[in-house]
Colleague: 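The following block contains the structure, expressed as structure tokens.
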Amino acid sequence: MCYQRYPPWKVIANRRKKTKLCILLMGIISRTTKLIFQQSKRLSTWSYLSLSNSLSNMACSPVTELSAKQILDNVDNFVFDCDGVLWDGLTAIEGSPETLKRLKKLGKKVYYITNNSTNTRKKYKDKCEKLLGFPVVEDEILCTAYAAALYLHNRKHQGKVYVVGNKSMGEELDNFGIKHTGIGPDVVGDKSLLTDFASTKLDPEVDCVLVGFDPDLSLNKMVKGASYARKEGALFLATNEDSHLPLRSEVTIPGTGSIVAAVKTPARREPIVIGKPNPTIFNVLKEAHGLDPSRTLMVGDRCNTDMALAKNCGLHSLLVLSGVVSQEDLDRDKESTDTEITRNLPDHVAKCLWEFGKHIPDSL
């Protein structure tokens, strides 16, 4: 019956037509699927970029009354950098003392971490009390001169330390009974040729080099520091690698990073950096006072040290523009394609500490 209505040749022809139609439809579907996939990919990329931009915009939020309240609700411990944040040289930055007083009145814990190696904790305590106007406990202060000496003490270091540094670093080493040499001027004298330095006498007891801020840096010290650092098994430490001092002046004063470079470059090795952004310096404070990193805010004026420390230790972060970093610097960092730079962007930003302090109430 079927064959009478559809002869075999018609059935075969019909099947061929259906096959061609299927192939045609499959081609259309394939092209459509490809277009959908490409469009989807573009949308995914756009969504990812939008999310990235959104996350980038979430960082560097200016401090407002609302964000200040959120900070106070989420933070128990406030860790402050000093130079460029609390004071500029020998002058307190306007509003900084009042901000700390308000935090203390609310029962918040206040601590101080500085990369400055030119003062002992005792000297920093005296400076804090003089410029801020209230008592400060020495154990609340952590400077790199002390942290470096503590690091060697905890390692039970027995050898002699060659110090490319200053008197305060020597005092902190003395407090732990650590032998050292090198502090003070080491003049070049009558060495007129570079080959004259090949006869430099080295102390066989030295098995560690510690570099900090040294106003007496000379080629003699660079030669000795690099030579000791090259010795097999020698320990090589640096207090910090800050590029320059945070002074409001037309004069640029090189920081410890410049001095460290003068030793590590010829030594051809990297030192263990004790200060920010290395977690070592915060861990000392954390262990001494039982701090919870998730309830701690780091306040500083440098992204590559203060804000990087916050990221490395899981702290909240507030950048103030009263020291090293300017708004122009921050805007440039926000647009950077370098992930190391964008990683260290702060959570919050204020022109100075008082922009946050003025929102602190008398009680919560």
Side-chain angles (χ1 to χ4, degrees), residues 59 71 74-85 108-117 119 121 124 138-157 165 169 172-173 176 208-213 235-243 246 255-257 260 264 269-320 323-325 333 338-348:
I71 291 172
N74 296 319
V75 174
D76 302 317
N77 314 298
F78 289 79
V79 180
F80 292 93
D81 178 42
C82 299
D83 298 279
V85 177
K108 302 295 184 181
K109 300 296 183 181
V110 174
Y111 303 95
Y112 312 86
I113 289 184
T114 174
N115 271 1
N116 192 329
S117 65
N119 283 318
R121 289 200 301 170
Y124 255 102
E138 194 169 313
D139 282 346
E140 296 172 345
I141 302 169
L142 201 54
C143 54
T144 52
Y146 168 79
L150 180 64
Y151 180 87
L152 289 167
H153 171 74
N154 289 341
R155 285 177 59 100
K156 297 180 172 57
H157 187 80
M169 294 170 64
E172 294 290 15
L173 290 170
F176 285 102
C208 174
V209 178
L210 172 60
V211 183
F213 189 81
L235 187 61
F236 184 19
L237 306 177
T239 58
N240 66 89
E241 292 189 295
D242 291 6
S243 59
T256 302
V260 173
K264 77 176 186 179
R269 61 178 292 201
E270 291 292 326
I272 297 171
V273 180
I274 300 297
K276 299 172 290 186
N278 193 311
T280 299
I281 195 163
F282 174 74
N283 289 339
V284 171
L285 200 64
K286 181 179 72 172
E287 292 169 11
H289 299 279
L291 303 187
D292 177 358
S294 67
R295 301 284 301 177
T296 302
L297 175 78
M298 178 69 215
V299 184
D301 67 323
R302 295 178 189 256
C303 288
N304 63 342
T305 56
D306 302 315
M307 301 302 102
L309 178 72
K311 298 296 182 182
N312 292 340
C313 298
L315 316 178
H316 303 279
S317 57
L318 168 62
L319 178 75
V320 292
V324 172
V325 176
D333 287 354
D338 187 336
T339 55
E340 186 64 25
I341 291 176
T342 54
R343 173 186 179 272
N344 295 331
L345 290 173
D347 299 327
H348 308 279

Colleague: For a quick test of reading the model, state the closest non-hydrogen atom pair linking Phe282 to Leu315 and the distance between them.
Modeller: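 Minimum heavy-atom contact is CZ-CD2, 3.6 Å.
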Colleague: State whether the side chain of Asn312 and the backbone N or O of Pro277 hold a donor-acceptor pair below 3.5 Å, judged by distance alone.
Modeller: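 Yes; judged by distance alone, with no hydrogens or angles, the pair exists.
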Colleague: Find the distance between NE2 (His153) and CD (Glu172) and round it off to the nearest 0.5 Å.
Modeller: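 The CD atom of Glu172 is 12.5 Å from NE2 of His153, to the nearest 0.5 Å.
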Colleague: Please tell me if the side chains of Phe78 and Ile71 come closer than 4.5 Å, counting only heavy atoms from C-beta onward.
Modeller: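 The answer is yes, as the side chains (C-beta and beyond) meet within the 4.5 Å cut-off.
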Colleague: Within the side chain of Asn278, is there an N or O that forms a donor-acceptor pair under 3.5 Å with the backbone of Val273?
Modeller: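 Such a contact is found between Asn278 side chain and Val273 backbone.
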Colleague: If you take all heavy atoms of His316 and Ser294, which pair is closest and at what distance?
Modeller: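 Smallest heavy-atom distance, with atoms named: NE2-O, 2.9 Å.
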Colleague: I'd like to check Phe176 versus Leu152 (side-chain heavy atoms, cut-off strictly below 4.5 Å). Are they in contact?
Modeller: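 No, every pair of side-chain atoms sits at 4.5 Å or beyond.
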Colleague: Looking at Asp242 and Lys276, is any side-chain nitrogen of the basic one under 4.0 Å from a carboxylate oxygen of the acidic one?
Modeller: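 Salt bridge between Lys276 and Asp242, a charged N being under 4.0 Å from a carboxylate O: no.
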Colleague: CZ of Arg121 to CD of Glu140: how many Å apart, nearest 0.5 Å?
Modeller: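 Nearest 0.5 Å value for the CZ-CD distance: 10.5 Å.
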Colleague: Enter the distance from Asn74:CG to Thr296:OG1 here, rounded to the nearest 0.5 Å.
Modeller: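 The CG atom of Asn74 sits 11.5 Å away from the OG1 atom of Thr296.
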Colleague: Decide yes or no for Tyr111 and Asn77: does some side-chain heavy atom of the first lie under 4.5 Å from some side-chain heavy atom of the second?
Modeller: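 The answer is yes; the side chains approach within 4.5 Å.
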Colleague: Look only at the side chain of Lys264 and the backbone of Pro271, and say whether a donor-acceptor pair between them is shorter than 3.5 Å.
Modeller: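 Judged by distance alone, no pair lies under 3.5 Å.
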Colleague: Between the side chains of Lys109 and Asp76, is the shortest nitrogen-to-carboxylate-oxygen separation below 4.0 Å, so that they form an ion pair?
Modeller: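 Salt bridge between Asp76 and Lys109, a charged N being under 4.0 Å from a carboxylate O: no.
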Colleague: Test your reading of the model: is there a side-chain donor-acceptor pair from His348 to the backbone of Leu319, 3.5 Å cut-off?
Modeller: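 No, His348 side chain to Leu319 backbone: no donor-acceptor pair under 3.5 Å.
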Colleague: Could you tell me whether the side chain of Thr239 reaches within less than 4.5 Å of the side chain of Ile274, counting heavy atoms only?
Modeller: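 Contact flag for Ile274/Thr239 side chains = no.
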Colleague: Can any side-chain N or O of Ser117 pair as donor or acceptor with the backbone N or O of Phe213 at less than 3.5 Å?
Modeller: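 Pair found, side chain donor or acceptor close to backbone of Phe213.
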Colleague: Counting distance only, does the side-chain N/O of Asn115 pair as donor-acceptor with the main-chain N or O of Asn240 below 3.5 Å?
Modeller: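 Side chain of Asn115 to backbone of Asn240, a donor-acceptor pair under 3.5 Å: no, none is there.
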Colleague: Say you draw a straight line from CD of Glu138 to OH of Tyr124; how long is it, rounded to the nearest 0.5 Å?
Modeller: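 Atom-to-atom, Glu138:CD and Tyr124:OH are 13.5 Å apart.
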Colleague: Evaluate side chain to side chain contact (heavy atoms under 4.5 Å, CB included) for Tyr112 paired with Val85, printing each intermediate quantity in order.
Modeller: CA-CA 11 Å; Tyr112 312 86; Val85 177; over 6 Å; no
Colleague: Working to the nearest 0.5 Å, report the span between CD1 of Ile281 and OH of Tyr151.
Modeller: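 The CD1 atom of Ile281 sits 13.5 Å away from the OH atom of Tyr151.
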Colleague: List the atom pairs, donor and acceptor, that lie under 3.5 Å between side-chain atoms in residues 297-305 and the rest of the protein, sequence neighbours left out.
Modeller:
from, atom 1, to, atom 2, distance (Å)
Asp301, OD2, Val324, N, 3.0
Arg302, NH2, His244, O, 2.3

Colleague: What are the two closest non-hydrogen atoms of Asn344 and Lys311, and how far apart are they?
Modeller: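 Smallest heavy-atom distance, with atoms named: OD1-CG, 4.0 Å.
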Colleague: Could you give the distance from OG (Ser317) to CG (Asp306), rounded to the nearest 0.5 Å?
Modeller: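 So the OG of Ser317 and the CG of Asp306 are separated by 10.0 Å.
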Colleague: Compare all side-chain heavy atoms of Arg155 with those of Leu235 and state whether any distance is below 4.5 angstrom.
Modeller: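 Yes - at least one pair of side-chain heavy atoms lies under 4.5 Å apart.
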